[in-house]
Amino acid sequence: MKKQWLMLIAATMLVLGGCQNNDTASEPASVTPSQHEQAADDSDMNMDQMDEMHHSGSGEVPAGLKEAANPAFKVGSQAIIEAGHMKGMKGAKATIVGAYDTTAYAVSYTPTTGGPKVTNHKWVIHEEIENAGAEPFKPGDEVVLEADHMPGMKGAQATIDSAEKTTVYMVDYEPTTGGDPVKNHKWVTGSELSAAK
């Protein structure tokens, strides 16, 4: 009888020990704090890339770009920027300095200066793409950028992520985070603006 009890206790311990190991082994691969930190770093990296955008531009527009005949936001009017392309942009009051009818593209590309791939950059317009013809590009098309919004952008091979026939606006604004006013920022679309109150 004593042997049977010992065997029963030993068997129970083995089963419980096995369950313990199986529970640990079968736990779903969860996101560890370091993975959370990596995800945060990645999103910060994308924001850092956006911060490298040329905050102010010359106001020059590409050849062939047509002024909008009847834009929702008139040149000289004010609007609120609803997009967050850069820190301090979302919620900023903007003055419209140009309005143009074109096709705006979100693009992904690897900078010619090296560094990580930039994904879903908004916006590059049709007239800022090498050898752009009359027809707009489609998502998935491979193109070469002539835009110079960020270091390493001009001359970069890019993939069109999305295309939208729209009015794009060049704007002046003061960042909500403080700092120097931004002049001639290219580009925001009408859907990224709201009427100033």
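Index from 1, following the sequence. Atom set for the values below is all heavy atoms of this structure, side chains included, hydrogens, waters and symmetry mates excluded.
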Asks: Taking Asp172 for its side chain and Asn184 for its backbone only, find out whether a donor-acceptor pair lies under 3.5 Å.
Replies: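 Checked: pair present.
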Asks: So, Gln157 and Thr110: side-chain donor and acceptor under 3.5 Å apart, yes or no?
Replies: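 Not at all, the side chains of Gln157 and Thr110 share no donor-acceptor pair under 3.5 Å.
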Asks: Specify the closest pair of heavy atoms between Gly152 and Ala156, including all atoms of both residues, with the distance to one decimal.
Replies: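 Minimum heavy-atom separation between Gly152 and Ala156: O-CB, 3.6 Å.
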Asks: Give me the atom names and distance for the closest heavy-atom approach of Ala196 to Lys93.
Replies: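 The answer is CB-CE, 4.4 Å.
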Asks: Between Thr166 and Thr103, is there a side-chain heavy-atom distance shorter than 4.5 Å?
Replies: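 SC-SC contact between Thr103 and Thr166 ruled out.
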Asks: How long is the straight-line distance from OG1 of Thr189 back to NZ of Lys122, given to the nearest 0.5 Å?
Replies: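 It comes to 8.0 Å.
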Asks: When the ring planes of Tyr100 and Trp187 are compared, do they come out parallel, tilted or perpendicular, using 30° and 60° as the limits?
Replies: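 Perpendicular: the ring planes of Tyr100 and Trp187 meet at over 60°.
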Asks: Verify, without hydrogens or angle tests, whether His126 (side chain) and Tyr105 (backbone) share a donor-acceptor contact under 3.5 angstrom.
Replies: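 Flag not set: sc His126 to bb Tyr105 has no pair under 3.5 Å.
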Asks: Test side chain to side chain contact (heavy atoms under 4.5 Å, CB included) on Glu164 and Val168; report intermediate values, then the result.
Replies: CA-CA 10 Å; Glu164 180 181 338; Val168 295; over 6 Å; no
Asks: Any non-hydrogen side-chain atom of Asn131 less than 4.5 Å from a side-chain atom of Val143?
Replies: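 A side-chain contact is absent here, since even the closest heavy-atom pair is not under 4.5 Å.
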Asks: Less than 4.5 Å apart, side chain to side chain, heavy atoms only: is that true for Pro139 and Asp161?
Replies: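 SC-SC contact between Pro139 and Asp161 ruled out.
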Asks: Please find the pair of heavy atoms, one from Val75 and one from Gly98, that lie closest to each other, and give the distance.
Replies: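 Distance-wise, the nearest heavy atoms are CG2-CA, 4.0 Å.
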Asks: Please assess Val107 against Ile160 for the test side chain to side chain contact (heavy atoms under 4.5 Å, CB included), listing each intermediate value before the final yes or no.
Replies: CA-CA 5 Å; Val107 297; Ile160 303 292; 3.9 Å; yes
Asks: Measure across Asp101 and Leu65 and return the closest heavy-atom pair with its distance rounded to 0.1 Å.
Replies: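 Scanning both residues completely, I find the closest heavy atoms to be O-CD1, 4.2 Å.
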Asks: Could you check whether any side-chain heavy atom of Ile125 comes within less than 4.5 Å of a side-chain heavy atom of Pro62, counting everything from C-beta outward?
Replies: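 The answer is yes; the side chains approach within 4.5 Å.
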Asks: Roughly how far apart are Thr102 OG1 and Glu127 CD, rounded to 0.5 Å?
Replies: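 So the gap between those two atoms works out to 3.5 Å.
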Asks: Rounded to the nearest 0.5 Å, how far apart are CZ of Phe137 and OG of Ser162?
Replies: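 Interatomic distance, Phe137 CZ to Ser162 OG, rounded to 0.5 Å: 14.0 Å.
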Asks: How long is the gap from CD1 on Ile81 to CE on Met86, to the nearest 0.5 Å?
Replies: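 So the CD1 of Ile81 and the CE of Met86 are separated by 8.0 Å.
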Asks: So, taking the atom named OG1 in Thr159 and the one named CG in Asn120, what distance separates them when rounded to the nearest 0.5 Å?
Replies: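 Rounded to the nearest 0.5 Å, the OG1-CG separation comes to 12.0 Å.
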Asks: Which heavy atom of Met170 sits nearest to which heavy atom of Val61, and what is that distance?
Replies: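 Shortest heavy-atom contact: CE-CG1, 3.5 Å.
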Asks: What is the ring orientation for His185 with Tyr173, classed by angle as parallel under 30°, tilted 30 to 60°, or perpendicular over 60°?
Replies: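 Ring orientation, 0 to 90° scale: perpendicular.
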Asks: Specify whether Tyr169 and Phe73 have parallel, tilted or perpendicular ring planes, treating 30° as the upper limit for parallel and 60° as the lower limit for perpendicular.
Replies: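 The arrangement is perpendicular - the two ring planes meet at more than 60°.
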Asks: Would Glu128 and His149 satisfy side chain to side chain contact (heavy atoms under 4.5 Å, CB included), going step by step from the backbone distance to the final call?
Replies: CA-CA 10 Å; Glu128 294 176 317; His149 304 169; 3.1 Å; yes
Asks: For the residue pair Tyr109 and His121, does the interplanar ring angle fall in the parallel (under 30°), tilted (30 to 60°) or perpendicular (over 60°) class?
Replies: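 Rings of Tyr109 and His121: perpendicular, as their planes differ by over 60°.
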Asks: Checking the side chain of Lys90 only, and the main-chain atoms of Glu82 only, is there a donor and an acceptor separated by less than 3.5 Å?
Replies: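 Yes, Lys90 side chain to Glu82 backbone: donor-acceptor pair under 3.5 Å.
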Asks: When rounded to the nearest 0.5 angstrom, what distance separates CE in Met153 from OG1 in Thr113?
Replies: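 Nearest 0.5 Å value for the CE-OG1 distance: 11.0 Å.
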Asks: Grab the two heavy atoms, one from Pro151 and one from Pro111, that are nearest each other, plus how far apart they are.
Replies: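 In terms of heavy atoms, the two residues are closest at O-CB, 4.2 Å.
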Asks: Show, in sequence, the C-alpha distance, side-chain angles and deciding distance for Leu145 and Val124, and conclude whether the side chain to side chain contact (heavy atoms under 4.5 Å, CB included) test is met.
Replies: CA-CA 8 Å; Leu145 303 178; Val124 172; 4.1 Å; yes
Asks: For atom CD of Glu130, is the number of surrounding heavy atoms from other residues, nucleotides or ligands below 6.0 Å larger than 12?
Replies: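 Correct, the count exceeds 12.
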